[in-house]
Amino acid sequence: RAFAARLSEAGKATQKQVRGIVEKGAVNIKNQMRKEASGSRHFGQIAPTIPYDLTEWGAFGGGVVEAEIGPNKHFRAARLGNVAYFGTSKGGGTLPDPIHALEAEIPNVEQWLGDAAEDSL
């Protein structure tokens with residue numbers, strides 16, 4: 001019972017850190033996407049329209065933390081996002097796929113989450 005209680009407490013302690021870890025990863029991805037966009041001759045105006053949003057849901061208000069990162073279409077310039085990233089039959093698609101920014105950040109987030117779990121035990 002003591003071991004089960006310890007694991008339960010460790011999970012609660014780690015959950016408190018997860019939001020910060022996901023947020024740091026989201027900031028890094030956002031910054032990389034903004035840097036790539038700002039370097040584009042045709043799509044540089046998209047860069048300042050790239051924010052991130054965090055969402056927590058699941059059991060007891062926690063459990064899952066998600067980050068959504070990309071051009072916010074409430075800004076006029078961001079409406080070019082699909083053309084900038086994916087192109088059309090007439091061109092575009094010159095910005096790197098955002099999946100590359102995510103893939104570059106995965107090892108960092110995994111390390112931070114592992115460290116948080118280890119520290120809580």
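Reckoned from all heavy atoms, side chains included, excluding hydrogens, waters and symmetry mates. Note that the coordinates shown come from a computational prediction; the quantities given were computed from them, not determined experimentally.
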Closest heavy-atom pair, P98 versus Y85, reported as atoms and distance to 0.1 Å, is CD-CD2, 3.6 Å
Minimum heavy-atom distance A67-V22, with the two atoms named
CB-CG1, 4.0 Å
For P71 and G81 the tightest heavy-atom approach is CG-CA, 4.4 Å
Which pair of heavy atoms, one from Q32 and one from A104, lies closest together, and at what distance?
OE1-CB, 4.0 Å
With rounding to the nearest 0.5 angstrom, report the CG to CD distance, D53 to E68.
6.0 Å
Set out, in order, the CA-CA distance, both residues' side-chain angles and the distance that settles side-chain contact (heavy atoms from CB on, under 4.5 Å) for T94 and H42, then state yes or no.
CA-CA 9 Å; T94 57; H42 299 291; 5.7 Å; no
Exercise: identify the closest heavy-atom pair between G70 and M33
CA-CE, 4.1 Å
Can you tell me how far apart CG (L95) and NE2 (H100) are? Round to the nearest 0.5 Å.
11.5 Å
Test of understanding: with salt bridge (charged side-chain N to carboxylate O under 4.0 Å, His left out), list the residues that count as partners of R79, not counting sequence neighbours.
none
Examine the side chains of Q111 and N108 and answer whether a donor and an acceptor come within less than 3.5 Å of each other.
no
One pair to check against side-chain contact (heavy atoms from CB on, under 4.5 Å): E23 and Y52. What are the steps and the verdict?
CA-CA 9 Å; E23 186 163 18; Y52 69 91; 2.7 Å; yes
To the nearest 0.5 Å, what is the distance between CZ on F75 and CD on Q45?
13.5 Å
Can any side-chain N or O of R34 pair as donor or acceptor with the backbone N or O of I50 at less than 3.5 Å?
yes
If we count only N and O atoms by modelled type, under 3.5 Å, do the side chains of E66 and W57 hold a donor and an acceptor together?
yes
Any chance you could measure S40, atom OG, to I46, atom CD1, to the nearest 0.5 Å?
7.5 Å
Least distance between heavy atoms, Q17 atom then A116 atom
OE1-CB, 2.9 Å
When you look at NZ of K24, are more than 12 heavy atoms from neighbouring residues, nucleotides or ligands closer to it than 6.0 Å?
no
Using the rule given for side-chain contact (heavy atoms from CB on, under 4.5 Å), can you reason through F43 versus E36, listing the C-alpha separation, both sets of side-chain angles and the distance that settles it, and then say yes or no?
CA-CA 10 Å; F43 300 112; E36 292 167 351; over 6 Å; no
Sequence neighbours excluded, which residues qualify as side chain to side chain donor-acceptor pair (under 3.5 Å) partners of N72?
H74
Take I21 and V109 through the test side-chain contact (heavy atoms from CB on, under 4.5 Å) and record every step on the way to the result.
CA-CA 7 Å; I21 291 168; V109 172; 4.0 Å; yes
Under 4.5 Å between side-chain heavy atoms, hopping through other hydrophobics if needed: is there a path connecting V64 to I29?
no
